[in-house]
**Q** 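Next up is a structure, given as structure tokens.
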Amino acid sequence: MTGLVPTLSSRISWRLNLLHKTTQYVTIRAFKALRIPSRPVLPPLSSAFPLNSSPPHLVSSYSNKSAAVQKQNPLSSDDNLVILGIETSCDDTAAAVVRSSGEILSQVVASQADLLARYGGVAPKMAEQAHAQVIDQVVQEALDKAQLTEKELTAVAVTIGPGLSLCLRVGVQKARKIAGRLNLPIVGVHHMEAHALVARLVEKKLQFPFLALLISGGHNLLVLARDLGHYIQLGTTVDDAIGEAYDKTAKWLGLDMRRSGGPAIEELAHEGDAEAVKFRVPMKQHKDCNFSYAGLKNQVRLEIEAQNINAEIPISSASSEDRGARANIAASFQRVAVLHLEEKCQRAIEWALKIEPSVKYLVASGGVASNKFVRSRLNQVVERNALQLLCPPPSLCTDNGVMIAWTGVEHFRVGRYDPPPPANEPEDAQLDLRPRWPLGEEYAEGRSDARSMRKARIHPSLTSLIQASLLGQPKPTV
Ligand code: KG4
Ligand code: ZN
């Protein structure tokens, strides 16, 4: 296969090796001649995909195609799509190639853990540079490992939001460059939808509707997934997400952040007494499904100060007494952080069953859902309600390219994609990036005053855009 991107210098390759977090090739198969052409039979681009009324170079994702067009192109579930997925919304640069059968042909993730460890959080400008440094090689490696010829790719899927716009831009530019050169359609993906939908790759039995708890560094969502692209947001966080609380607690306890804070807290918590510190469970008085982690974070910080724990002394050099005190805080924090999840999930299950009595699964996904304690506690909640818990494996819970490629498969099948970008798109083309992009419409009972006070500009939700396009209505505007 001819190289899709210029070869990177050996210094960068070396750096990439160091950065590799989970490079997992779940299934790598050499392709023989395929019986069915892997490129789906698309209606002619000119007639089927008139670029909507975007100004020149305003790149649109999710073309506002009517239900009629979608019906003309109903790709069945035994189709043979091969999609490259690219993810750069936060601090991981990831790419993967996935077949519509669910077969993962390759998966590559380069993490910015070294930057995270140094700065204790994601610094957008530095994260952008780190993505830009490795994106070519990550994508190339995903394509190489998949052992595909360029002609076998069906489409390119890429995260367009939510996330840091500087970071999103790196992935979107790369995706459009490849799609333009190979004349491939492009699917703009919602990062949080991808966290939820990857569960359908893992478990083929998972049908809509299902309930999803999506827990990561920046999001804490409870959504009822009624259908593809149709989500009701039952709850979200009014301030911080649980992953942020894990990361800050880890930083303040002087833990090794190179694998991010969550795993470090999970590990240390095994040594501690979860009853040692009595943190208050957030939002007890709120009879809704919303979350808040800023207060718990603050309680942890005050406790660390009160116990004179010095984060400058890394845990590896702490005395055994000091280590024990840190472990107690880690365990007590984790217990309360997860109790908050449990309480809100219990209510969300009740709400979800009221709206859709056929719900059978709670999907838990996003980085924090790779935590074993979180999984076991959530399992108890779902069992009490005669539901089943479905958690993707950890490598598919944390940010990855597979979930983006798979979401690309799901939307492509129903005809939701954009035409190939021009091969020579200018570098400064205005891109459709959606840094603040809700997944669904808020459930009326779940509306939080705290959040509706916020004035920040946000994009119309994925659900409202898709519902409007299905009804042939103009797209909702901000
Ligand atoms: O989904 P993700 O990879 O990226 C975002 O979209 O934010 O989630 C990253 C978050 C980080 O806050 C990280 O500390 C947390 O997931 N995380 C964990 C664990 N693994 C990752 N939190 C708790 N326990 C874990 N084992
Ligand atoms: Zn994520």
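These values consider heavy atoms only, across backbone and side chains, with no hydrogens, waters or symmetry-generated copies. In listed order, ligands and their atoms are each counted from 1.
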**Q** Would you kindly specify which portion of K372 sits under 4.0 Å from ligand 1, judged on non-hydrogen atoms: side chain, backbone, both or neither?
**A**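 For K372, there is no contact with ligand 1 at all, from either part.
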
**Q** Is the contact between H191 and ligand 1 made by the side chain, the backbone, both, or neither, using heavy atoms and a 4.0 Å cut-off?
**A**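 Just the side chain.
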
**Q** For the pair E350 and R347, find out whether any cationic side-chain nitrogen is under 4.0 Å from an anionic carboxylate oxygen.
**A**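 Salt bridge flag = no for R347 with E350.
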
**Q** Salt bridge check: are K344 and D288 linked by an N-O gap of less than 4.0 Å?
**A**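 Between D288 and K344 there is a salt bridge, with a charged N closer than 4.0 Å to a carboxylate O.
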
**Q** Provide the number and element of each atom of ligand 1 under 4.0 Å from a heavy atom of S370.
**A**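 Result: 19 (C), 20 (N), 26 (N).
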
**Q** Go through ligand 1 atom by atom and flag the ones less than 4.0 Å from a non-hydrogen atom of G243.
**A**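 Every atom of ligand 1 under 4.0 Å from some heavy atom of G243: 12 (O).
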
**Q** Salt bridge check, D247 against K251: does any charged N sit closer than 4.0 Å to a carboxylate O?
**A**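 Judged by the 4.0 Å cut-off on N to carboxylate O distance, K251 and D247 do not form a salt bridge.
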
**Q** What residue among F373, F333, W252 forms ring pair (Phe, Tyr, Trp, His ring centres under 6.0 Å) with Y246?
**A**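 For Y246, the ring pair (Phe, Tyr, Trp, His ring centres under 6.0 Å) test succeeds with only one of F373, F333, W252, which is F333.
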
**Q** For I304, which of V277, I309, N310 qualifies under side-chain contact (heavy atoms from CB on, under 4.5 Å)?
**A**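 So the option named by the test is I309.
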
**Q** If we set the cut-off at 4.0 Å for heavy atoms, which region of C90 has an atom near ligand 1: side chain, backbone, both, or neither?
**A**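 None of C90 does.
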
**Q** Give yes or no for whether the N/O distance cutoff of 3.5 Å, strictly under, is met between E244 and ligand 1.
**A**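 Checking ligand 1 against E244, no N or O pair falls under 3.5 Å apart.
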
**Q** I'd like to know if E271 and R323 make a salt bridge, using a cut-off of under 4.0 Å between side-chain N and carboxylate O.
**A**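 Looking at E271 and R323, the cut-off is met.
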
**Q** Which angle, to 10 degrees, forms at the Zn ion (ligand 2) with OD1 of D399 on one side and NE2 of H191 on the other?
**A**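 Vertex the Zn ion (ligand 2), arms to OD1 of D399 and NE2 of H191: 90°.
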
**Q** Considering both backbone and side-chain atoms of G366, is one of its nitrogen or oxygen atoms within less than 3.5 Å of a nitrogen or oxygen in ligand 1?
**A**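 Checking ligand 1 against G366, no N or O pair falls under 3.5 Å apart.
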
**Q** As an exercise, identify every atom of ligand 1 less than 4.0 angstrom from a heavy atom of H195.
**A**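 Checking each atom against H195, I get 1 (O), 6 (O).
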
**Q** Between D91 and H131, is a side-chain hydrogen bond (donor to acceptor under 3.5 Å, both in side chains) present by the stated rule, with each step listed?
**A** CA-CA 8 Å; D91 57 339; H131 283 302; over 6 Å; no

**Q** Quick check on contacts: which atoms of ligand 1 are under 4.0 angstrom from a heavy atom of S260?
**A**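 Ligand 1 atoms under the 4.0 Å threshold to S260: 13 (C), 14 (O).
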
**Q** My understanding is that we take every heavy atom of each candidate and find the minimum distance to atom 12 (O) of ligand 1. Doing that for D399, D91, V368, D247, which one comes out nearest?
**A**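 It is D247 whose heavy atom sits nearest to atom 12 (O) of ligand 1.
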
**Q** Identify whether the distance between the nearest side-chain nitrogen and carboxylate oxygen of R259 and E267 falls below 4.0 Å.
**A**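 Yes.
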
**Q** Using atom types as modelled and distance alone, determine if a side-chain donor or acceptor of T237 lies under 3.5 Å from a backbone N or O of D239.
**A**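 Confirmed, T237 side chain pairs with D239 backbone.
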
**Q** Any N/O/S atom of H195 sitting less than 2.8 Å from the Zn ion (ligand 2), backbone or side chain?
**A**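 Yes, within the cut-off.
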
**Q** Give the atom numbers and elements of ligand 1 that come within less than 4.0 Å of a heavy atom of G218.
**A**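 In order of number, 7 (O).
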
